[in-house]
Enquirer: 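Here's a structure for you.
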Amino acid sequence: MKILKFPLARIFIGFLSGLLLFRILNPNGSFVIYVLIIGLSGLLISYFHSKKNTKYNLIFGCFVLVISMMIGFTTAIIHKENTNPNHYSNQISDYEQIRYLDLVLVEKLKNTTKNIRYLCVVNELDGKKSFGKIILNIAKKDTISKLQIGTHLQVNGIVFKNKAPSNPNLFDYGKYLENQEIYAQIYPKKIVVGNYESSIWSYFSNFREKIISNLEQSAISEKELNVLNALILGQQQDISPEILQDYQYSGAVHVLSVSGLHVGFIMLFLTFFLKTIGNSRKGSLIKLCIIIVSLWSFAVLTGLSPSIVRSATMFSFLAIGLHLRRSVNIYHTLLVSMLLILLFKPSFLSDVGFQLSYLALFFIIWLQPILASIWQPKNKIINYFWDIVTVSFSAQIGAMPLSIYYFHQFPGLFFVTNLLVLPLLGVIMAFGIIAILIATYTTVPFYIAKTIELLIRFLNEIIHWVADFDSFVITNISFSKEMLISSYLTIILIILWIKTSDFKRLVMVFFNIILLQTIFIYQKHATLKKEELIVFHVSKNTIITERLGADVTIYSNDSILKNISKNVLIQSYLVENFCNIRAQHPLKNLLYFKNKKILIIDSSCVYTKGIHPDILLIIQSPKLNIERLVKTYKPKEIIVDGSNFKSYVRLWEATCKKAKIPFHYTNEKGFYQI
C-alpha cells in the first residue's frame, strides 16, 4: 500500500505500538527515558553514517521505530494521572468511606434513572491538596437547583473506586472510566454550592445550556428537540431509549453522533458565507482563521467527543491545504490527525467511537472509489443516490467487524436507511444551524421552529419504519477477538485482490477465509468441552446457570425466566460463550455439579436434615441460626448472593470467619463459579 511509503506512517505505527504495549508491559518511566536517550544517540550516529553508506539505512529505520515507540510509552506515562501520589485515588481506600471533597463541575453527563451525573475535578480531599477526575452522582430527589459548569462544590459523601463487573462477560465500565482517567464515583450526603469559576470550558458549556434553554422555550416539542440537540449540539443525554433503539436497529445511530458529516456541513456553510471576502493572500488568511476558529469552537461547544475532534482536525488540515493551494493527500491527513489527537489525548485510542469513525473514514477513502467505478450513471440524481449507497457500503464494511465485536448485532437495512435519511438530514442541518444561531440570542421564531419539528418528526418516522423490520436486524452474534482480527485481514486482502487481481493475492484471500473458519470451529469445539456452574450477582434476585458444553440450564424465579430473552446478564453470557439455553427451571433446594452437592436455603428456611452439602448457598434473606446451620451441615464453603440483606450478610460472614469456613459474597467478590 502506498500509504506505508509515507515516512510518518512508519513513525505512527511505532507510536501506536508504544501506546498499546504500555497497557501490557506498564514500563518504568526512568527505563523509557533511558531507552529514549540511547535511541536518539543511535539515530544521530546512524543518520550520519547512512549518508556515506546506504547499509546503515536499515539501522536508521530501526532506531526511528524504537524512538517512536518510546514516544508512545512517554505519552501514555505523561497522561497516566494516578501515578502521581497527590492523585485522589492514592489517598482513598478500596472500601466505602465518607470523605470530604472540594470539586469543580466540568461536564454534564447522561443521567441515570435515579441520579443526575456530572464529571468533576478534585481540588481537595479531606482538606489536603489533591487532583483528578471523578463522577458526581446527585440523587434526583435532592432539591439542588440546576448547577452551572464551573461551579465549586464542597461535598461530603461515599466514594466508590471503580471495580470489575460483578458478573461474567459484561462491559467493564470501570476499565472504560479508567481509560478516561476517572477512577471513582461519589454519592453525596451533603452538598454546599460555592462560587463560580470562569474558564473557556465553562463558558462554552454554559453558552450551550443557554442555546438549549432558548430552544426549549421555542415551539419545538420535547421529543424532536432532544433529537435536534443530538444532531447539532452532540447532546444525546435526553433522547428516549425507544428512539435510540430505533436508530440502532435501522443502522442510523451514527447520525446522532456529531461527526464528519456535521462538520462538513458547517464548513460548507462557512465557505458559502465567506465568499464575499476576496481570495488575496490576506483575504485567504482571514478566511482560514475564521474557518479554523469556527470549527474548533463548534467542537468545544459540542463537548469534544472523539468523533468531533477527529472531524475538526481533519477539516482543519483540509482548510490549511486549500489556503496553501496544495493538493491534500487524504491518507496523510488521516495519519497526521490521528497522531496529533493521540499525542494530546491517548485515552481516545480505547474509545469505541474513535475506533469506528477512523475505520469507517479509512474504508470510505479506500473502498468507495472502487465501488463507485462499478457503475457510473449519467443521470445526476441517480448518481447522487448511487454515491450514498457506495459510501454507506464502504463505511459499513470498514466498521462492521468491530461493531459486531462490541455490540453483537448488525442492522441489515443500513443502506436503505442512509438512502432515505441523508438527503433529509442535509435540510434538517441547514434549518438546525439557523435555529442554533438565532437561539444564541433569543427564542427561535415559530415558523422556523415548526419546520424543524416537522422535519425531525418525519426523520423519526422513517427511522422507526425501517427499525420495524426487525427480522433484518441480526442480534446476539458471537464474535471473538481472534475472529475480529481475522475478519479485517480477510476484508483487506479481498480489497487488495480486487484492486490488483493476481493468483498470489487470491491464494492469500482463500487462506484467510479458511483461517477465519478454523478459528470459529476451534472456539465452538472449546465451547463443547467446557462445563461450569455460575451463581450470578443480581440485586434482590437469584440466577444460577449450569453449562454443559454449548447447552445452558437456567435456575431462577418465574419473573426472571419469563423475560429471559431480555435479560442482559444471561444474553451477554450466552453470546460471549457461543452457548444457547437448553432448559429453564424454578430454583431447587438441591443441585449436583461436578460431584459437588449444593444445598440452597431460601427465605422459607425449609431444608432437609441429614444432607452433608459441599457448598451452602443462601438466598432471599432467610431468618436462620447460622451457627447451628454450620454445626449441622459442616459445609466446605458458604455462598451468599445479592438477594440477601447486607445486615444479615455481615452476621453470617463473622460466623464463617470464626468457624474458618470460606465465605463468598457476590456483592463484594462478584459471581461465584465452579
Side-chain angles (χ1 to χ4, degrees), residues 6 8 199-201 203-205 207-208 210-211 214 228 231-234 257-341 343-345 357-358 361-362 364-365 368 380 384 387 391 422-423 425-442 444 448 452:
F6 182 44
L8 192 62
S199 68
I200 185 170
W201 308 111
Y203 171 78
F204 273 101
S205 180
F207 182 57
R208 180 175 64 236
K210 178 188 173 184
I211 292 171
N214 284 335
L228 178 65
L231 287 172
I232 310 294
L233 297 173
S257 300
V258 177
S259 58
L261 184 67
H262 306 73
V263 176
F265 275 120
I266 299 289
M267 188 157 174
L268 284 171
F269 194 77
L270 289 168
T271 305
F272 176 77
F273 278 96
L274 293 174
K275 278 185 177 179
T276 51
I277 299 175
N279 286 325
S280 62
R281 182 175 293 180
K282 186 179 178 181
S284 181
L285 183 61
I286 291 169
K287 285 197 282 187
L288 175 65
C289 292
I290 292 171
I291 287 171
I292 290 177
V293 169
S294 300
L295 290 181
W296 282 100
S297 296
F298 176 70
V300 175
L301 184 68
T302 54
L304 286 177
S305 67
S307 56
I308 193 69
V309 170
R310 185 262 303 168
S311 305
T313 306
M314 288 282 296
F315 278 99
S316 295
F317 278 112
L318 179 63
I320 292 167
L322 292 172
H323 166 69
L324 297 173
R325 292 175 173 83
R326 292 179 182 177
S327 59
V328 180
N329 186 310
I330 195 68
Y331 291 113
H332 298 176
T333 308
L334 199 70
L335 278 177
V336 172
S337 67
M338 280 186 77
L339 185 60
L340 283 175
I341 290 168
L343 273 169
F344 288 99
K345 193 78 172 176
S357 61
Y358 264 104
L361 184 59
F362 173 76
I364 288 171
I365 296 165
Q368 194 273 339
K380 288 184 178 180
Y384 170 74
D387 281 343
V391 168
L422 289 182
L425 188 64
V427 180
I428 292 171
M429 284 293 295
F431 276 96
I433 290 168
I434 293 168
I436 295 298
L437 290 173
I438 295 170
T440 57
Y441 300 102
T442 183
V444 181
I448 295 178
I452 291 170

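In this text the structure is predicted, and so the values were computed from the model without any measurement.
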Enquirer: Which pair of non-hydrogen atoms, one from Leu231 and one from Met429, has the smallest distance, and what is that distance?
Expert: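 So the minimum-distance heavy-atom pair works out to O-SD, 4.2 Å.
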
Enquirer: Taking side-chain hydrogen bond (donor to acceptor under 3.5 Å, both in side chains) as the test, write out the residues that go with Lys345, two or more places apart.
Expert: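 With neighbours one apart ignored, the set is empty.
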
Enquirer: With side chains defined as the heavy atoms from C-beta onward, is the minimum distance between Trp296 and Ile291 less than 4.5 Å?
Expert: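 No; the side chains remain at least 4.5 Å from each other.
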
Enquirer: Who pairs with Thr313 by side-chain hydrogen bond (donor to acceptor under 3.5 Å, both in side chains), at least two apart in sequence or on another chain?
Expert: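 Per chain and number, Thr313 pairs via side-chain hydrogen bond (donor to acceptor under 3.5 Å, both in side chains) with no residue.
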
Enquirer: Tell me, please, which residues at least two apart from Ile286 pass side chain to side chain contact (heavy atoms under 4.5 Å, CB included).
Expert: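 With neighbours one apart ignored, the set is Ile277, Lys282, Ile290.
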
Enquirer: Please set out all donor-acceptor pairs under 3.5 angstrom arising from side-chain atoms of residues 430-442, sequence neighbours excluded.
Expert:
residue: Thr440; atom: OG1; partner: Leu437; partner atom: O; Å: 2.5

Enquirer: Do you know which two heavy atoms are closest between Tyr358 and Ser337, and how far apart they sit?
Expert: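 Closest pair (atom of Tyr358, atom of Ser337, distance): OH-OG, 2.7 Å.
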
Enquirer: Would you give the length of the straight line joining atom CG of Leu334 to atom CD1 of Ile365, rounded to the nearest 0.5 angstrom?
Expert: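 Interatomic distance, Leu334 CG to Ile365 CD1, rounded to 0.5 Å: 5.0 Å.
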
